[in-house]
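Read the structure below first, then the notes.
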Amino acid sequence: MVYIVIDLEWNQCSKGKTKAVPGMPFEIIEIGAVKLNENRQVLSRFQQLVRPKVYKKLHFAPKELLHISERDLKHGIPFPEAMKQFLSWCAKEGKEYHFCTWGAMDLTELQRNCHYYGIEDCFPNPLFYYDLQKNFCAEFGEGQSNLSLEHALERLSLKKGKQFHRALADAEYTAKIFQRLSMKEVEQYYSVDYYQLPENKKQELHMEFPTYIKHVSRKYETREKALNDRTIRTVYCPKCGKRAVRKIRWYTSNMKNYYSLSECMEHGYIRGRLRLRKTDDGKYYIIKTLRPIQQEEAQEMRHLRERLKKKKKKPKS
């Protein structure tokens with residue numbers, strides 16, 4: 001078993017999101033990765049600049065952040081060639097490998113770029129990986145989430161010597177943090193990428209973690225069909241699997257995240273959360289998370305629901 005800690009840098013349309021190529025919001029311009037063995041010791045490194053084809057002019061954000069010029073990128077190689085070299089490097093030892101990232105975007109954008117160039121079947125479906133940002137926040141974040149790579153290094157008193165926001169440097173920093181995390185916790189709280197979704201109800205993902213359960217649905221033609229699916233709306237106890245009694249019906253404040261409060265007569269309150277997301281082809285899917293909570297948090301949910309009701313009834317001036 002080996003671990004591939006990967007970091008990507010990408011460009012976007014310099015004329016704004018409305019002018020971007022459909023299904024290709026970000027074009028990868030650099031791939032960096034560090035390979036570690038089962039003891040999390042560094043085996044080798046990979047770095048490659050990618051010559052852009054879609055967005056040849058650098059957007060102002062990556063230009064300022066990455067300190068990469070358009071002249072630099074002309075020395076890169078085409079994405080298909082870079083991807084071929086990268087995958088060959090990943091499998092060089094002939095062992096099974098797991099991807100590790102800082103955050104949830106890299107593998108999604110990597111697959112989007114592969115799809116654009118017609119590079120298929122590079123990744124397993126479903127694609128499980130380790131989101132080390134999530135793991136770090138759970139172990140060291142003290143209730144905070146989405147902490148930056150730089151913040152994590154400071155919290156662990158790890159040395160910062162290389163420039164941030166370059167693919168290999170960030171991959172090396174992420175690997176150092178990985179070496180300090182509890183491997184038991186990392187393995188227990190793995191992640192799944194949502195670019196490749198279940199094709200049908202039978203393939204839908206049901207994952208059990210020590211403190212919550214997660215369900216990833218198939219794609220639906222409309223948001224209404226997704227939200228009205230009985231399987232999606234039903235709440236089960238994460239501890240015993242029995243159907244829970246609904247205390248607060250599903251509600252939302254932004255039409256993207258929906259919440260409910262239920263109760264298991266044996267194990268107490270359960271917070272339900274539905275994240276409604278749209279796919280590149282205009283369809284919808286849902287990520288349902290069910291988590292046991294204490295009475296205090298259940299009461300907070302009741303108060304929030306009442307505030308939302310009052311806000312909804314308040315006449316607009």
Less than 4.0 angstrom from a charged side-chain N to a carboxylate O is my criterion; do [X] and [Y] meet it?
X: Asp7; Y: Arg166; result: no
X: Glu208; Y: Lys214; result: no
X: Glu109; Y: Arg112; result: yes
X: Lys160; Y: Glu150; result: yes
X: Glu172; Y: Arg45; result: yes

Checklist line | Test side-chain contact (heavy atoms from CB on, under 4.5 Å) applied to Tyr3 and Asn37, step by step | finding: CA-CA 6 Å; Tyr3 303 98; Asn37 64 16; over 6 Å; no
Check: Does anything in residues 216-249 pair up under ring-ring contact (aromatic ring centres under 6.0 Å, His included), and if so which pairs, sequence neighbours excluded?
Finding: none
Checklist line | Pair Glu9, His165: side-chain N/O donor-acceptor within cut-off below 3.5 Å | finding: no
Notebook entry, point to check: On the ring face of Phe140, is Arg155 found with NZ or CZ under 6.0 Å from the centre and within 45° of the axis?
Noted result: no
Note to self: So for atom CD, which belongs to Glu199, do other residues, nucleotides or ligands contribute more than 12 heavy atoms lying within a distance under 6.0 Å?
What the structure shows: no
Check: Which pairs count as salt bridge (Lys or Arg N to Asp or Glu O under 4.0 Å) when at least one residue sits in residues 224-246, sequence neighbours excluded?
Finding: Arg218-Asp229
Check: So, for Phe209 and Tyr190, is the gap between ring centers shorter than 6.0 Å?
Finding: yes
